[in-house]
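Reckoned from all heavy atoms, side chains included, excluding hydrogens, waters and symmetry mates.
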Amino acid sequence: MITATGEALVRDHTVYACVMGSRAFGLATEDSDTDRRGVFLAPTELFWRFEKPPTHVDGPAPEQFSWELERFCELALRANPNVLECLHSPLVESLDGTGRELLELRGAFLSRLAHGTFVRYALGQRRKLEADVRVHGGPRWKHAMHLLRLLASSRDLLRTGELRIDVGDAREELLAVKRGEVPWAEVERRMDSLGEENDEAAARSPLPAEPDRAAVEDFLVRTRRASARAEAPDGLRASGDRPHRP
């Protein structure tokens with residue numbers, strides 16, 4: 001019997017795995033963790049039971065998190081920043097045929113919806129930083145760095161239609177923020193400027209208004225069907241085929 005435990009699903013059914021966080025962003029230092037993200041394909045058989053497979057799994061390794069394929073696609077279609085960035089990590093650790101097709105669909109997930117989701121997420125993080133300043137006299141500088149990085153990434157996505165998560169030449173400037181070498185007032189000014197640049201870019205973005213949901217759904221359905229066929233006994237198709245009786 002196929003097991004639905006999270007550890008087994010990640011171990012046996014991962015289709016795509018990558019490194020995220022500072023290492024993927026080009027911001028790693030000696031003390032940086034290695035954040036791993038992945039996508040697993042739960043066998044179709046598990047969805048026929050009352051107890052469905054998990055939509056995500058935390059672990060089993062430290063700093064590891066994985067989504068089931070359908071949940072991952074849903075979040076990506078909504079332009080979830082963490083999920084879209086996962087699709088564009090330059091540090092891919094494992095990839096099978098399904099994962100390769102998922103990466104080939106990256107463009108189908110991108111749309112101007114990213115303007116709202118990225119900026120909304122950034123605003124939420126900014127409020128937390130401002131609360132830290134009021135309570136503790138200063139922000140969590142690492143979080144301030146990543147907020148600036150996210151806003152710049154979103155602006156460039158809206159301008160070019162491509163999501164690039166490595167910060168490139170902005171590395172040292174951002175690390176100076178992480179070290180607390182940039183006054184909070186200057187960080188706020190940069191956040192305001194990047195927010196305005198995001199709004200301007202959204203108005204002229206080459207991205208479509210909506211993602212290509214049909215293409216993603218077609219991929220998901222084909223993948224589920226292929227999984228069902230692979231699980232069917234004696235090579236029978238799980239879609240209802242039966243042995244021919246003379």
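Val216 and Ala108 make their closest contact through CG2-CB, 4.1 Å (heavy atoms, listed as atom of the first residue, atom of the second, distance). Shown here for Leu110 and Gly161, the closest heavy-atom pair between the two residues is CD1-O, 3.7 Å. Closest heavy-atom contact between Ala114 and Ser154: O-OG, 4.3 Å. Heavy atoms only, all atoms of each residue included: Leu113 and Leu77 are closest at CD1-O, 3.8 Å.
Ring pair His56/Phe65 is parallel by interplanar angle, where below 30° counts as parallel and above 60° as perpendicular.
A salt bridge links Arg36 with Glu93: at least one charged nitrogen is closer than 4.0 Å to a carboxylate oxygen. Under a 4.0 Å N-O distance rule, the pair Arg224/Glu68 qualifies as a salt bridge. Under the 4.0 Å criterion applied to side-chain N and carboxylate O atoms, Arg37 and Glu85 are not assigned as salt-bridge partners. For Glu186 and Arg190, the salt-bridge test passes: some basic side-chain N is under 4.0 Å from an acidic carboxylate O. Of the charged side-chain nitrogens involved, none lies within less than 4.0 Å of a carboxylate oxygen, so that Arg127 and Glu130 do not count as a salt-bridged pair. Salt bridge Arg179/Glu181: present, at least one basic N to carboxylate O contact under 4.0 Å.
Without hydrogens or angle criteria, Lys52 side chain to Phe47 main chain gives a donor-acceptor distance under 3.5 Å. A donor-acceptor pair is defined here as one N or O able to donate and one able to accept, closer than 3.5 Å; such a pair exists between the side chain of Asn198 and the backbone of Leu194. Although no hydrogens or angles enter the test, the distance criterion places no donor-acceptor pair under 3.5 Å between the side chain of Ser89 and the main chain of Cys86. Distance alone, capped at 3.5 Å, places no donor-acceptor pair between the Ser227 side chain and the Thr223 backbone. Of the possible donor and acceptor atoms, none in the side chain of Arg164 sits under 3.5 Å from a partner among the backbone N and O of His88. The main-chain N or O of Gly168 is found under 3.5 Å from a side-chain atom of Asp166 such that the two form a donor-acceptor pair. A distance-only check finds no donor-acceptor pair linking the side chain of Thr14 to the backbone of Tyr16 [under 3.5 Å]. The main-chain N or O of Leu87 is found under 3.5 Å from a side-chain atom of Arg106 such that the two form a donor-acceptor pair. With hydrogens and angles ignored, the 3.5 Å screen pairs no side-chain donor or acceptor of Ser153 with any backbone N or O of Arg149. Formation of a donor-acceptor pair under 3.5 Å by the Ser205 side chain with backbone atoms of Leu158 is found in this model.
Interatomic distance, CG of Asp33 versus CE of Met20, reported as 14.0 Å (0.5 Å rounding). Summarising the geometry, atom CG belonging to Leu95 is positioned 10.5 Å from atom SG belonging to Cys18; distances are rounded to the nearest 0.5 Å. Note that the CZ atom of Phe40 and the CG atom of Asp12 stand 11.5 Å from one another [nearest 0.5 Å]. The CD atom of Glu162 sits 9.5 Å away from the CG atom of Leu157 when rounded to the nearest 0.5 Å. With rounding to the nearest 0.5 angstrom, the NE2 atom of His143 is 10.0 Å from the NZ atom of Lys178. For the atom pair CZ (Arg189) and CE (Met191), the distance works out to 12.0 Å, reported to the nearest 0.5 Å.
Taking the six-membered ring for Trp and the full ring otherwise, the centers of Phe25 and His146 sit less than 6.0 Å from each other.
Counting only heavy atoms from C-beta outward, the side chains of Pro54 and Leu9 approach each other to under 4.5 Å. Leu220 has its side chain out of reach of Glu217: every pair of non-hydrogen atoms, C-beta onward, lies at least 4.5 Å apart. Contact check for Thr55 versus Phe72: no side-chain heavy atoms found under the 4.5 Å cut-off. Side chains of Arg222 and Arg225 form no contact here, defined as non-hydrogen atoms less than 4.5 Å apart. The closest side-chain heavy-atom distance from Val83 to Phe109 is not below 4.5 Å. A 4.5 Å side-chain heavy-atom check between Asn80 and Thr117 finds every atom pair outside the cut-off. Residues Pro90 and Ile165 have side chains in contact (heavy-atom distance under 4.5 Å, counting atoms from C-beta outward).
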For Leu102 and Phe219, what are the C-alpha separation, side-chain angles and deciding distance, and is it a side-chain contact (heavy atoms from CB on, under 4.5 Å)?
CA-CA 8 Å; Leu102 175 64; Phe219 159 67; 4.0 Å; yes
Checking side-chain contact (heavy atoms from CB on, under 4.5 Å) for the pair Val133/Glu188: CA distance, chi angles, key distance, verdict?
CA-CA 12 Å; Val133 172; Glu188 285 190 302; over 6 Å; no
Could you check Glu200 against Arg155 for side-chain contact (heavy atoms from CB on, under 4.5 Å), going step by step and ending with a plain yes or no?
CA-CA 9 Å; Glu200 293 169 0; Arg155 175 202 60 197; over 6 Å; no
Checking side-chain hydrogen bond (donor to acceptor under 3.5 Å, both in side chains) for the pair Arg23/Thr34: CA distance, chi angles, key distance, verdict?
CA-CA 7 Å; Arg23 299 193 184 280; Thr34 299; 2.9 Å; yes
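With sequence neighbours excluded, the residues forming a side chain to side chain donor-acceptor pair (under 3.5 Å) with Arg140 are Asp132, listed by chain and number.
Through chains of ILVMFWY side-chain contacts below 4.5 Å, Val19 is grouped with Leu91.
Exactly one of Leu150, Leu151, Leu147 qualifies for a side-chain contact (heavy atoms from CB on, under 4.5 Å) with Tyr121. That residue is Leu150.
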